[in-house]
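Single-structure report; data block below.
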Amino acid sequence: MSYLAKPKFQHPSLEVNALGFTHRDYEGSMSTLCAGCGHDSISAAIVRACFELSLPPHRIAKLSGIGCSSKTPTYMLGQSHGFNSVHGRMPSVLTGANLANRDLIYLGVSGDGDTASIGLGQFAHAMRRGVNMVYIVENNGVYGLTKGQFSATADRGSKSKKGVDATDEPIDLVALAIQLGASFVARSFSGDKAQLVPLIKAAFEHRGAAFIDVISPCVTFNNHAGSTKSFDYVREHNIAVNALDVITGRSTIEVDYAEGDRQDVLMHDGSTIRLHKLEAGLDVSDRSAAFGMLERHRFAGEIATGLVYLNEGARELHESLDTTHRPLNELGQEVLCPGSKALQAINASLR
Amino acid sequence: MSYLAKPKFQHPSLEVNALGFTHRDYEGSMSTLCAGCGHDSISAAIVRACFELSLPPHRIAKLSGIGCSSKTPTYMLGQSHGFNSVHGRMPSVLTGANLANRDLIYLGVSGDGDTASIGLGQFAHAMRRGVNMVYIVENNGVYGLTKGQFSATADRGSKSKKGVDATDEPIDLVALAIQLGASFVARSFSGDKAQLVPLIKAAFEHRGAAFIDVISPCVTFNNHAGSTKSFDYVREHNIAVNALDVITGRSTIEVDYAEGDRQDVLMHDGSTIRLHKLEAGLDVSDRSAAFGMLERHRFAGEIATGLVYLNEGARELHESLDTTHRPLNELGQEVLCPGSKALQAINASLR
Amino acid sequence: MPIHAVNDFVIRFANVNGSGSASANLLFARSIMRMGVPIAPRNIFPSNIQGLPTWYEVRVSEKGRLGARGGADILVAMNPQTFMQDIAAIEPGGYLFYDSTRPMAPSAPRDDITVIGMPLTEICAAEYNDPRQRQLYKNIIYVGALAALLDIDVVVMETLAAETFKGKERLLDANRRALHIGYDHAKARFDCPLGIRVRRSDAVGDRILVEGNFAAGLGAVYGGATVCGWYPITPSTSLAEAFERNCARFRIDPATGKKNYAFVQAEDEIAAIGIVVGAGWNGARAFTTTSGPGISLMQEFFGLAYFAEVPVVVFDVQRGGPSTGMPTRTQQSDLLSCAFASHGDTKHVLLMPDGPGEVFEFSGSAFDFAERLQTPVFVMLDLDIGMNSHLTAPFRWDDSRPYDRGKVLSHDDLERAGNFGRYNDVDGDGVPYRTMPGAHPTRGAYFTRGTSRDRFARYTEDATPYVDNMERLLRKFETARSLLPRPILRKAARPTRVGVIHYGSTAAAMDEAVDLLAANGVDVDALRIRAFPLSREIADFVQSHDQVFVVEQNRDAQMRTLMTADLGLDPARLTSILHYGGMSITARYIVREISGRLPKPVAKKTVEAVS
Amino acid sequence: MPIHAVNDFVIRFANVNGSGSASANLLFARSIMRMGVPIAPRNIFPSNIQGLPTWYEVRVSEKGRLGARGGADILVAMNPQTFMQDIAAIEPGGYLFYDSTRPMAPSAPRDDITVIGMPLTEICAAEYNDPRQRQLYKNIIYVGALAALLDIDVVVMETLAAETFKGKERLLDANRRALHIGYDHAKARFDCPLGIRVRRSDAVGDRILVEGNFAAGLGAVYGGATVCGWYPITPSTSLAEAFERNCARFRIDPATGKKNYAFVQAEDEIAAIGIVVGAGWNGARAFTTTSGPGISLMQEFFGLAYFAEVPVVVFDVQRGGPSTGMPTRTQQSDLLSCAFASHGDTKHVLLMPDGPGEVFEFSGSAFDFAERLQTPVFVMLDLDIGMNSHLTAPFRWDDSRPYDRGKVLSHDDLERAGNFGRYNDVDGDGVPYRTMPGAHPTRGAYFTRGTSRDRFARYTEDATPYVDNMERLLRKFETARSLLPRPILRKAARPTRVGVIHYGSTAAAMDEAVDLLAANGVDVDALRIRAFPLSREIADFVQSHDQVFVVEQNRDAQMRTLMTADLGLDPARLTSILHYGGMSITARYIVREISGRLPKPVAKKTVEAVS
Ligand SMILES: Cc1ncc(C[n+]2csc(CCOP(=O)(O)OP(=O)(O)O)c2C)c(N)n1
Ligand SMILES: Cc1ncc(C[n+]2csc(CCOP(=O)(O)OP(=O)(O)O)c2C)c(N)n1
Ligand code: SF4
Ligand code: SF4
Ligand SMILES: [Mg+2]
Ligand SMILES: [Mg+2]
């Protein structure tokens, strides 16, 4: 980061979205992360995706845990309420927030330590409940903020900056998310904005638990030779299984793929996700195929990225709970309080 | 249970194992569970397996969390030290115990609430560390001890005794254990002692994290029509994918299967597990195949039981940590304390 | 000499859990209440599901003594496993009712009690074929027999059964029949009624019989709670269930059939409180309910809610600690873990109701306090309050009282507002203004965090804004002190220098104890604490008495510690009376302990009078 | 008037974190120490990794004043971002050293300081091509310049560099060269030395300079810890790392190369403490290390360890709370959450060392206490102790002192033993005997649980054995009281009625404050608490002084609460002096606060003398 404030001046020709907002309206305060940190690229991608989708910034609630990654909500979407909660517990806080007001758009940002180490249980249960949200893990294989210890996503045999090997089985959050019932599951790379931005847009268009594992190198503690989360390593081993376009009412189809290579998914709000299959035959709606694909790449030592699984028909938490369509936090006392008459009947039944 | 104490009298012709112990020597105090509870059958199977393997009872440490299932260590292996810890945290306590003394045999007993709900994180991390233990979940889909709420293994659409539907994605602990790196993973049914006893024996013979998910109906709160964990339902939907014999030095091969149907696995201590494949082609050493098989049965609404995955070459935690072969709790002060001489050098380096 | 008593006795049922005795015993108890005689039932149950000893105790008291008394005048011995120990607890001159199908061993266990044997098993065997029915109706049969023996109107029992089994005629008939089998058998064989009996009265008035957990669940509905994140744990589970049940009744949108609430069983207590914090942050009234182990697990989130200033309501139904402790026993031992919950400098608001009536009241107002103060509010129940039924004044609700949603800036407020600073102390009461996510397109957004920040919610590590904020939180704590329910004083008939301080479920026993002491010539002013931070009136009370007892149901005198820490009182001036074995405290115990500590002459007399 | 001072000043370096300044500043500090002049360095760093302001402060004090002082006599301004605020903190007559490559704005910020500008960036640009090198060696260059300006022997610096870069000759040469660039430049341009300077002395003696976290990690090795389960959290991480580093040095089996320890980074704090409880139960000396948020998360396990009586050692390196609070600031605010950790009635043993020396000592004995008492023992450090280097007497270890493994029955003991009861109070000290899993084929097995049980570890819900057990735990607590380190009294030269009580990292500032007060005619006896439960000597101290101050680095006077709860002291007799902004407490602050609270005449004088 630099301590110099950004100039306030806005170029008049700045691109404006459907809501009349500029890109700048989706930005946050200045990042305090290390120069070159992958997380900053992800913030930029989120900002870009929200801008392109013309999401009203104040209708987004951004929540996170603790870590360098979890700090990033401060650095984006300055017009949105944010909640930097406690380490590993963003999923439950987001769940509660979502229950209180189903009408907002929920963005959860977390790190691999925050999600796969301390937060694994909460992550898992939020996925299986189908909380309607976009959940992004900024995965660098280490604890950045506490200076470089391995997290639970560190690959076996990967070397720490101090030269120590990771010895435990790594957690593949993508495989886990699918296993646990997430209905939109993807992996990407902070260095691949072309892939990441459409994935984030698609995740926002999805209703239900949308999870994106974004490999995001920690330039300070995990970008050396021997690391499997360094920029170089990820670039070399990254295999994109598909590419996608998000086609909203507002946007037109940009790329037109050949029929067999293509998979179109209609989202609940009328937009379409058009997938170009780079890995032939991969049907993103097939759980079994997803597991097989992940195992295959795992075996080959590759990092499969792209949209891995999508179940657009899944039930989200409010449907499971059958809650009213009005946000619970808007219900008035007249709706909430049964009143003294009802109490008389209760009293009578207790005699 | 009955409040009448068991007669102390032992029949002189009682079977004796290689250590000269009778079955009774592996029993514990009287169960206080509901009459007919599946958990009691599992305790009996554990007792049987330990007896048959001639494990020295006092070399077993039995640990558990909280729940009806977690109470059972009191009802078995009365000559073993036991630790009924806190809800969902048995895995970490067992890990610590194991670190302190690698020479004991560790048995962890848990429930589905204890492991899949509150304890999911600890379960996952113990698996990925490869803690050398037998970890048994007595899975009834509900919280027995708190009177019948759904646990995280309750199947979607399964009905509670009060008639409420389970709405969240169920957690398949077997799939998860494999995903997380457990090296011995099986599922069984408390009502199928013929399958369960050899599985427990094999798990004890395995070095590393051995996990068995045992469906164990709760007769009081989850044995009704509409439940997918009732005795009737499990009997009807149980598909055994293989059968197995544990062939120790002491025992002889009991069944001899045809070559192609058979898979022999040599365990690290010289015993052999002989598998009879009931599901053709299932190779228990193939992770991918295991996932495929589980998905297939899941899709068909079946409960696949048997040994699902076995990786006998896996590294257990002490190997990863490279700890000394002597139990750490036996190291004397002369080994542990560097002494005053060494301190002088340290002091010198700090000036 | 057999005890002779009308409308003043304790009956204890010794059963085996899972045997269906609970509903029969409740039928028994309610029939006495319907006859207008006050009752105080108490359940003593094991931490398992089936097959272990369980007791049900009903104190019948025309005078309205509703605390536990100790001892039993009549024992209904249905559990051979505890037979000998149960018999030992019968008061001299008391009665033993037992199943005489099998001979009792030893045949005459005590010669100072009256023994009534009825061959229940035999009767059931003759009457029913199905073993489950034999088991179930055995309980109803002994209730019928007791009606005869204690002169309870069997028609009242039938009416109660009819209410219970409305629409299930076959069940009702079967129950009726069983009642009469017992009743007729007893009438035929025994000299009815016994020396102990029930007589119609009007001492109950319009009071209701209800469990504290039900009152709390209902209170949360009335208080406007819409989000409950919880995790099952004895003895709090039935509180969450009561909320859900009452929501199912009162909170279904008539037009759509959809739920005006969200009830989520979380995967553990950390997630439960996380859900509540998230919902509270986002403007819903939200609560969790738990017991000791849950309180321990939620500590980190309590600290976050305190520091980030998120309204949260927590019901702690206290049980025997430490650790897993005694899950089915009562204690008041979570005071310190709640009042000082979480690391760092934190202090939390506690409400301490004395029984279901106040539980209902406080459960409603807890949400007002939480939103007004933007902080966690703990409602401290215990197993005795929560899981036992208590006679209490009917629930009341003032329809004209609006919810106090506290300082929330709406869209329009924000339009008008100048420079919104989330942690600005605009009013000098330490309570800042908040905004709801999504409230306004361009104003009012702020960042919530558990780290230090300035008045505008911006991250800072500077000492000055940090201290400024921490001092504001202290001011807020003083604001809480002024808002919370004040203590309730029961003054002795004559001026006295002896005071006693108590709280929560001790109230009923204390009320009786004060009377007993007065009867023994010991006048005591009693002050019941109802909230933390503590009212200054408590300090005044201590100053104005020479000897002050603090009665608590814990080992470590936790309230005394709070009193010294929060009010600066000298602990030497506070004499602790502690009762923490897990059974409800009794007036007998309080009287004995107070008497034993008072100057000798008085004490002597008292001890003899009551022990 | 420029300050003139020899071996008595404070220098502050204002840097940007991640810029490599830390090692240069340490080199600077150590060179003064090598010249025999006591130093007290302190690091003030942000909770991020790179790019934010960070300060390094060295107090140089021939007299051995090692507490923080406040203010700065010389500022080394390397961070333009904080330039103005840094300059404001320079004492009148002080010095500013800055990078004059770019002109300073405003050109003359203060007229009461001496400004020394050196074009560091320009020099580096000329000397180095690689931008990283330019950045790194800029730091060494200013250290070289300071050697000239403050009259520090540059040869000492070179020697230190040589020790640091042993075997890395190229690095050493580069550092040497940078040192000389700075040194020569300063010598050439400025009138060296300044009014402030260093002079060789022998005031350091054989003392060492070490961080408390290192001392604790080393102490745990000496204390025989074999299992560490931990989770990273500032400021405790370096404690775990120090343990591992020292294990790697001292605990590798020479024959096999294998590790005589297990060091496990757990997935979170709950697992970390779970591992420790499991290992402690199974006979290993085990510990965890954490800070506030971890303490909150571990509460449930603390209660289990207390109640199930499992030896456990916990290092709590306290930071600013509540919640995430101020992760890189110091506080003493976890006392209550540790002393009363977990729900139910619990009380825990705390050790409160004052600095690395005592940390080493207590870290070793903590394991003895934990095993002797079979309970958790908390070693309370704070960020100031843990992460700053302190001058302290050399570590000492008595080779003849065997570990106290407490009451463990071996195989042979069990052979001889009669009726082993795990929770029998055989010796009347409340401490029972335990057995190790696997110790004996047929004797000594027992079941450990967090639920109530009888003396033979059998589950029970009866009140009598429960109370019996809880009372034994109280006896054990009294045993702890008698075993733990006693407070340390520093008596004033003359008899006085004024006493001050303090603990932990306040010691250094207190030592100076007492001297300053004495110099101002205020005699104060000072008592330093070192353990909880509190020694009766503390009560005696309070009784024997008319006015007693309790100095704490927290908002809520947590030690005062412990004193009233544990010793029954009247809080009105204890005047709190609280400092909790996150920076280390200073003698100046203590003197001002004490003076301000003493009868006026004395106070007046004092305030003027020191503020
Ligand atoms: C309860 C708790 N434990 C530990 C910490 C210390 N801590 C802060 S961030 C962090 C790890 C963050 O790792 P990750 O989520 O991967 O984020 P990154 O910094 O790598 O982006 C830890 C352990 C904490 N803040 N709270
Ligand atoms: C921290 C904590 N939360 C909640 C409880 C209450 N509790 C006891 S057992 C249990 C669930 C047990 O379910 P499971 O593990 O499936 O065991 P089961 O009784 O079904 O065998 C719960 C929630 C507890 N003891 N501790
Ligand atoms: S430490 Fe790593 S993760 Fe944190 S800001 Fe720096 S580069 Fe990013
Ligand atoms: S409640 Fe269910 S799980 Fe518990 S003992 Fe009874 S049958 Fe077994
Ligand atoms: Mg990370
Ligand atoms: Mg269960």
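Within every chain, numbering begins at 1; the chains are lettered A, B, ... in the order of the sequence lines, protein sequences first and strands thereafter.
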Mind checking the CD-CZ spacing from Q333(A) to R405(C)? Nearest 0.5 Å is all I need.
9.5 Å
Give, as side chain, backbone, both or neither, the part of P73(A) having an atom under 4.5 angstrom from any heavy atom of chain C.
both
For chain C, which of I66(A), T74(A), L317(A) has the most heavy-atom pairs under 4.5 Å?
T74(A)
Do you know which two heavy atoms are closest between G78(A) and A445(C), and how far apart they sit?
O-CB, 4.0 Å
If you count heavy-atom pairs under 4.5 Å between each of N329(A), L350(A), I60(A) and chain C, which one has the most?
L350(A)
In terms of heavy-atom pairs under 4.5 Å, which option from R59(A), R129(A), Q79(A), R89(A) contacts chain C the most?
R129(A)
Interface moiety of S320(A) toward chain C, non-hydrogen atoms closer than 4.5 Å:
neither
Which value, rounded to the nearest 0.5 Å, describes the distance between R449(C) atom CZ and S70(A) atom OG?
12.0 Å
Side chain proximity check, H81(A) to W281(C), heavy atoms < 4.5 angstrom
yes
Quick one, F447(C) and S29(A) - any side-chain contact, counting heavy atoms below 4.5 Å?
no
My understanding is that only one of L94(A), N101(A), L99(A) makes a side-chain contact (heavy atoms from CB on, under 4.5 Å) with N282(C); could you say which?
N101(A)
So which part of P338(A) gets closer than 4.5 Å to some heavy atom of chain C, the side chain, the backbone, both or neither?
both
In terms of heavy-atom proximity below 4.5 Å to chain A, should I273(C) be classed as side chain, backbone, both, or neither?
neither
Name the member of V335(A), D103(A), L63(A), I346(A) that forms the most heavy-atom pairs with chain C at distances under 4.5 Å.
I346(A)
Under a 4.5 Å heavy-atom cut-off, does chain A meet the side chain of Y459(C), its backbone, both or neither?
neither
For T323(A), is it the side chain, the backbone, both, or neither that has a heavy atom closer than 4.5 Å to a heavy atom of chain C?
both
Find the one option among M436(C), K259(C), R285(C) whose heavy-atom pairs under 4.5 Å with chain A are most numerous.
K259(C)
Do Y403(C) and L336(A) have side chains that approach each other closer than 4.5 Å (heavy atoms only, starting at C-beta)?
yes
Answer yes or no: is there a side-chain heavy-atom contact under 4.5 Å between E267(C) and S92(A)?
no
Would you say F395(C) and Q344(A) make side-chain contact, with heavy atoms under 4.5 Å?
no
So do the side chains of R351(A) and L209(C) get within less than 4.5 Å of each other, counting heavy atoms only?
no
Within-4.5 Å side-chain heavy-atom neighbours: S85(A) and L304(C)
yes
Contacting region of R458(C) [heavy-atom separation from chain A under 4.5 Å]
neither
Segment of R401(C) engaging chain A (4.5 angstrom heavy-atom cut-off)
backbone
Does this structure show an ion pair linking E319(A) with K258(C), if we count only N-O contacts that are shorter than 4.0 Å?
no
Contact origin within F21(A) toward chain C - heavy atom pairs under 4.5 Å:
neither
Interchain contact, T451(C) with chain A, by part (heavy-atom threshold 4.5 Å)
neither
Best-contacting candidate, L104(A), T95(A), L331(A), D322(A), against chain C by heavy atom pairs under 4.5 angstrom:
D322(A)
Checking heavy atoms, do the side chain of V221(C), its backbone, both or neither come under 4.5 Å from chain A?
both
Residues, nucleotides or ligands: over 12 heavy atoms within 6.0 Å of D202(C) CG
no
Hey, which of R207(C), E163(C), R249(C), E300(C) has the most heavy atom pairs under 4.5 Å with chain A?
E300(C)
Trace of the side-chain contact (heavy atoms from CB on, under 4.5 Å) decision for N84(A) with T448(C)
CA-CA 6 Å; N84(A) 197 182; T448(C) 305; over 6 Å; no
Structural part of A286(C) lying under 4.5 Å from a heavy atom of chain A
neither
Under 4.5 Å between any side-chain heavy atoms of V86(A) and F301(C), yes or no?
yes
Pick whichever of P402(C), A284(C), P437(C), A225(C) has the most heavy-atom pairs under 4.5 Å with chain A.
P437(C)
Residue pair C337(A), F250(C): steps toward the side-chain contact (heavy atoms from CB on, under 4.5 Å) verdict:
CA-CA 8 Å; C337(A) 184; F250(C) 297 116; over 6 Å; no
Greatest number of non-hydrogen atom pairs under 4.5 angstrom with chain A, of A272(C), A266(C), G364(C), G229(C), falls to A266(C)
Turns out that what part of D206(C) lies under 4.5 Å from chain A's heavy atoms comes down to both
Tell me, for V264(C) versus chain A, whether the close heavy atoms (under 4.5 Å) come from the side chain, the backbone, both or neither.
side chain
Chain A interface, residue from N260(C), T442(C), V277(C) that has the most non-hydrogen pairs under 4.5 Å:
N260(C)
Give the member of N98(A), I105(A), L321(A) that has the highest number of heavy-atom pairs under 4.5 Å with chain C.
L321(A)
Going by atom types alone, do S340(A) and D399(C) pair a side-chain donor with an acceptor below 3.5 Å?
yes
Give the member of P441(C), C247(C), G280(C), G257(C) that has the highest number of heavy-atom pairs under 4.5 Å with chain A.
P441(C)
